[in-house]
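What follows is a short report on a single structure.
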Amino acid sequence: MQTYELIAPCHFGLEAVVKKEIYDLGYEVTQVEDGKVTFAGDAEAVCRANIFLRTAERILLKVGKFHASTYDELFEGIRALPWEIYLPKDGKFWVAKASSVKSKLFSPSDTQRIVKKAIVEKMKEYYDIEWFQETGASYPVRVFLMKDEALVTIDTTGESLHKRGYRTQAGAAPLSETLAASLIKLTPWHSDRILVDPLCGSGTFPIEAAMIAARIAPGMNRGFLSQQWQNLIPQNIWQDAREEAQELVIPDVQTDIQGYDLDADVIRIARENAKRAGVGHMIHFQQRGISELRHPKKYGFLLTNPPYGERMADKGELWELYRQIAEAYQRLDSWSLYMITSYEDTERCIGRKADKKRKVYNGMLKTDFYQFLGPKPPRKKRPEKTG
């Protein structure tokens with residue numbers, strides 16, 4: 001089976017999380033750059049990466065890379081690539097995205113036009129035809145220009161991998177599913193420890209945590225563009241990958257995952273989302289304010305995405321909210337607190353410096369992931385041997 005270079009774009013600052021996920025799937029990571037991780041894999045890897053990766057945004061198949069500082073160089077470079085390996089005669093292909101950073105070629109529309117024209121010329125030459133019906137499967141091309149180097153890829157995913165299929169409604173400032181999963185993986189949380197999101201909104205943190213605990217593959221119940229690529233990926237490979245995902249699910253895993261919000265409508269949405277994700281029975285959602293947050297269990301996790309202030313006219317209101325979070329945290333003996341926010345006074349509100357702080361982009365917004373660590377729980381005693 002042919003080996004490809006596959007690229008997993010991700011949130012800036014979370015490349016190490018994606019790298020570990022790819023390693024855990026059994027593939028060799030060949031390069032880690034800002035916002036993307038490259039790895040080697042065959043057709044099976046395309047299927048398994050799309051179905052199993054929780055933290056990547058999509059899976060791109062690399063067609064080639066070359067220098068292009070003029071449109072002539074771009075045209076010739078694109079035409080020289082082996083498009084006949086990837087595109088069948090009836091394939092529908094277009095340039096879905098063209099981006100440019102620190103490059104002489106900066107116009108997305110001109111880049112898209114030149115790339116499409118060059119692919120058509122190469123395909124006309126290879127198939128010896130003048131007109132392409134484009135009635136078959138879709139092969140969206142993505143081109144990235146960085147310092148005059150053109151990276152050319154085909155998108156295997158279609159709708160972004162954060163589209164798990166369970167969130168048909170969201171709150172005012174939803175956290176993407178891939179970002180939520182990445183942040184959970186940055187914590188030492190395991191399914192035997194309590195996890196509470198006191199500002200859960202549409203439930204993304206609790207739902208992603210429950211899916212991790214139950215080993216529910218995030219792409220198990222959705223489709224991907226490359227499912228139609230019968231010239232490259234036989235259907236039985238997709239079927240095998242989905243069966244593998246189904247066999248790994250632990251439907252009866254015991255967890256204590258909770259989500260609170262003051263808005264009753266938002267809690268209703270969160271419950272519906274969790275049910276669609278197949279984890280409704282694993283999460284306790286409740287209409288409840290932060291001031292009411294208390295819990296008898298020890299060594300738990302508070303994990304939340306509070307408002308950052310963009311929609312709050314009164315900064316005093318934001319300070320009060322963060323002080324409530326701090327007071328709730330102080331009441332929870334031995335717990336850890338994890339927050340993603342761009343609010344600059346977070347540490348002052350909490351009353352201490354974060355043990356760890358990691359820069360993360362939430363969309364285009366630069367935020368920090370604050371980690372206030374509680375003590376580790378004592379190790380469980382091993383049962384004594386008898387006899």
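We number each residue from 1, following the sequence as shown. Both backbone and side-chain heavy atoms feed into the values below; hydrogens, waters and symmetry mates do not.
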For His67, look at atom NE2 and say whether over 12 heavy atoms of other residues, nucleotides or ligands are found less than 6.0 Å away.
yes
Would you say the side chain of Trp238 lies within less than 4.5 Å of the side chain of Ser226, judging by non-hydrogen atoms?
yes
How about Lys124: does its NZ atom have over 12 heavy atoms from other parts shown lying under 6.0 Å from it?
yes
Check whether more than 12 heavy atoms from other residues, nucleotides or ligands sit under 6.0 Å from atom CG of Asp24, and answer yes or no.
yes
If you measure only the distance, is there a donor-acceptor pair under 3.5 Å linking the side chains of Tyr166 and Glu208?
yes
N/O donor-acceptor pairs under 3.5 Å from side chains in residues 260-269, not counting sequence neighbours:
from   : atom 1 : to     : atom 2 : distance (Å)
Tyr260 : OH     : Gln258 : OE1    : 2.2
Tyr260 : OH     : Arg288 : NH1    : 3.0
Asp261 : OD1    : Asp263 : N      : 3.0
Asp261 : OD2    : Gly201 : N      : 3.2
Asp263 : OD1    : Asp265 : N      : 2.9
Asp263 : OD1    : Val266 : N      : 3.3
Arg268 : NH1    : Glu272 : OE2    : 3.2

What distance do Leu183 atom CG and Leu14 atom CG have between them, rounded to the nearest 0.5 Å?
6.0 Å
Nearest 0.5 Å please: distance from the CD atom of Glu21 over to the OG atom of Ser182.
7.0 Å
Decide, yes or no, whether a salt bridge links Arg142 with Glu57 under the criterion of side-chain N to carboxylate O below 4.0 Å.
no
Any side-chain to backbone donor/acceptor pair from Glu15 onto Gly13? Under 3.5 Å, distance only.
yes
Common cluster, Phe52/Ile7, ILVMFWY with side-chain heavy-atom separation under 4.5 Å:
no
Kindly indicate whether the side chain of Arg242, heavy atoms from C-beta on, has any atom under 4.5 Å from the side chain of Ile51.
yes
Between Thr204 and Asn305, is any pair of side-chain heavy atoms under 4.5 Å apart?
no
Do we see a donor-acceptor contact under 3.5 Å between the side chains of Thr135 and Asp90?
no
Mind jotting down which residue pairs meet the salt bridge (Lys or Arg N to Asp or Glu O under 4.0 Å) criterion with at least one end in residues 330-341? Sequence neighbours excluded, please.
Lys298-Asp333
Check for a donor-acceptor pair, side chain of Thr153 on one end and backbone N or O of Leu61 on the other, with a separation under 3.5 Å.
no
Do Met339 and Pro306 come close enough that some side-chain heavy atom pair is under 4.5 Å?
yes
So does Glu76 pair up with Arg79, basic N to acidic O under 4.0 Å?
yes
Let me see the working for Asp368 and Thr346 under side chain to side chain donor-acceptor pair (under 3.5 Å), right down to the final yes or no.
CA-CA 10 Å; Asp368 286 295; Thr346 294; over 6 Å; no
Do Leu293 and Leu302 touch side chain to side chain, with heavy atoms closer than 4.5 Å?
yes
So, Lys122 and Glu125, do they make that salt bridge, N to O below 4.0 Å?
no
Got Ile340 and Tyr308 here, is their nearest side-chain heavy-atom distance under 4.5 Å?
yes
Would you indicate whether Glu344, at its atom CD, is surrounded by more than 12 heavy atoms from other residues, nucleotides or ligands within a distance under 6.0 Å?
no
Spacing of CD belonging to Glu84 relative to CG belonging to Asn231, to within rounding of 0.5 Å:
12.0 Å
Are side-chain heavy atoms of Val63 and Val141 found at a separation under 4.5 Å?
no
Looking only at atom types and distance, does a side-chain atom of Arg271 sit under 3.5 Å from a main-chain N or O of Phe285, one as donor and one as acceptor?
yes
Applying ring pair (Phe, Tyr, Trp, His ring centres under 6.0 Å), run through Tyr322 and Tyr343 and close with a yes or a no.
CA-CA 9 Å; Tyr322 279 68; Tyr343 184 47; 4.6 Å; yes
With a 6.0 Å cut-off (strictly less than), is the heavy-atom count around NZ of Lys92, excluding the residue itself, greater than 12?
no
Taking C-beta and beyond as the side chain, do Tyr127 and Leu87 meet within less than 4.5 Å on heavy atoms?
no
Got more than 12 heavy atoms from elsewhere within 6.0 Å of CD, Glu33?
yes
For the backbone of Ile212 and the side chain of Arg215, can you confirm whether one donor and one acceptor N or O come within less than 3.5 Å of each other?
no
Can you tell me how far the CG atom of Leu195 sits from the CD1 atom of Ile184, to the nearest 0.5 Å?
6.5 Å
More than 12 heavy atoms of other residues, nucleotides or ligands under 6.0 Å from OH of Tyr361: yes or no?
no
Strictly distance-based, threshold 3.5 Å: is any side-chain N or O of Thr367 a donor or acceptor partner for the main-chain N or O of Thr341?
no
Checking the side chain of Lys116 only, and the main-chain atoms of Phe93 only, is there a donor and an acceptor separated by less than 3.5 Å?
yes
Could you note down all residue pairs passing salt bridge (Lys or Arg N to Asp or Glu O under 4.0 Å) where residues 59-73 supplies at least one of them, sequence neighbours left out?
Glu5-Lys62
